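These notes are about the structure you will find just below.
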Amino acid sequence: MPTRREFLATCALAGVAVGAAGRAAAGAADAREAEEQPEPDAASRAGRPLVVSTWNFGVAANAAAWRVLEGGGAALDAVEAGARVPESDPANHSVGLGGYPDRDGHVTLDACIMDDRGRAGSVCFLEGIEHPVSVARLVMERTPHVMLAGAGALRFAREQGFPERDLLTEDARRAWLEWRREAKYEPRANAERHDTLGILARDRDGRLAGACTTSGLAFKLHGRVGDSPIVGAALFVDGRVGAATATGHGEFVMRTLGGFLVVELMRQGCSPQEACEEAIARIAGDLGSDPGEVQVGYLAIDAAGRIGAHAVRPGFQYAWRDGEREVLVDAPAFFGD
Ligand code: ASP
């Protein structure tokens, strides 16, 4: 067992390599897309709000969250507002309305939310409600529980006045029928057919919060629940340390409790970047020389406003915003470009 001192030294050493990898990735990204910029140092953000989100659709989520943060609003309200954006977007096939269904044609949603006081709420296997993140928030605020599932979550949502609607859009139905023809009804984790919104924010008062929302892996087995509603898997927040979120193949995140791991590593002295790299290494290190189609991406912020991100494979993007700057970044990856 390494001593605490040795462990911190490992993080510090890793930081040298991580910094170099991060810079290389940022340089490559700059060459590809002019709007991408390297992350400013945390000092320039001290006392300023910050929001980060997974994937390119995180840009729109961040914009909604920013409207809350710039008015002095709470991080918790900001992440909920951000998560509701892709939930309502029928063109987004991995979150909320328009999400791809499971193999039986049901759109089933997973979401969770967590604040700086360690409070958490979540729903899983929820059908017919456009905004699972808001139901999750009410589970947190109005029940003594953390998670509600399936029919029970739907009943709770109804009782709380959430409208019901059919979330299977014509586009998504067509894609499902197409998949059924090609795949012969065999669910298969596929790197192209998933993407969760994970969003983390720090408000003007330094409070942290996070949320996560998804329709999960496309064409999954009916009843499958992923990492997104599991506190400690795709989302974890510790108000004194930082916050982390995950996207990608949820089974890998669930088996390693990645969100908790990233925050715990930060608590023990790792920077957000070092923590994400270590959490990805625990997954990618077991995949041999070829990750196949497996993808997992972690995104983290610490209480000082530093950002970290890492993925198994290239392709994971995240967006951050701390004012007028809205930046989309290609995360560095374990298996490189
Ligand atoms: N993590 C999600 C899940 O496994 C999917 C994703 O993020 O792409 O349900």
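Because the structure is a prediction, the values reported are computed rather than measured. Just follow the structure's listing: the first ligand is 1, and inside any ligand the first atom is 1. Excluded from the calculations below are hydrogen atoms, water molecules and symmetry mates; all remaining heavy atoms, backbone and side chain alike, are included.
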Heteroatom proximity flag, [X] to ligand 1, N/O under 3.5 Å:
{"X": "Thr214", "answer": "no"}
{"X": "Gly250", "answer": "yes"}
{"X": "Gly248", "answer": "yes"}
{"X": "Glu251", "answer": "no"}
{"X": "Thr196", "answer": "yes"}

inquiry  = Under the rule for side-chain contact (heavy atoms from CB on, under 4.5 Å), what residues qualify as partners of Thr214, not counting sequence neighbours?
reply    =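 Thr214 satisfies side-chain contact (heavy atoms from CB on, under 4.5 Å) with Asp110, Thr196, Ser228 once adjacent residues are dropped.
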Are any of the side-chain nitrogens in [X] or [Y] under 4.0 Å away from the carboxylate oxygens of its partner?
{"X": "Lys220", "Y": "Asp102", "value": "no"}
{"X": "Glu178", "Y": "Arg174", "value": "no"}
{"X": "Glu278", "Y": "Arg282", "value": "yes"}

I need the atoms of ligand 1 closer than 4.0 Å to a non-hydrogen atom of [X], numbered in the order shown.
{"X": "Gly216", "result": "9 (O)"}
{"X": "Thr247", "result": "6 (C), 7 (O), 8 (O)"}
{"X": "Asp227", "result": "1 (N), 2 (C), 3 (C), 4 (O), 9 (O)"}

query = How about Phe125 and His222: are their ring centres within less than 6.0 Å of each other?
reply =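 For Phe125 and His222, the ring centres are under 6.0 Å apart.
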task = Assert yes or no for the condition that the ring centre distance of His310 to Tyr298 is strictly below 6.0 Å.
result =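 Here the rings of Tyr298 and His310 have centres that are no less than 6.0 Å from each other.
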ask   = Got a sec, which pairs hit ring-ring contact (aromatic ring centres under 6.0 Å, His included) with one end in residues 260-284, sequence neighbours left out?
value =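 Every ring-ring contact (aromatic ring centres under 6.0 Å, His included) pair that includes a residue of residues 260-284, provided the two are not neighbours, is Phe236-Phe260.
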inquiry  = Please state which option from Lys220, Arg224, His249 has its nearest heavy atom closest to atom 9 (O) of ligand 1.
reply    =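 The nearest heavy atom belongs to Arg224.
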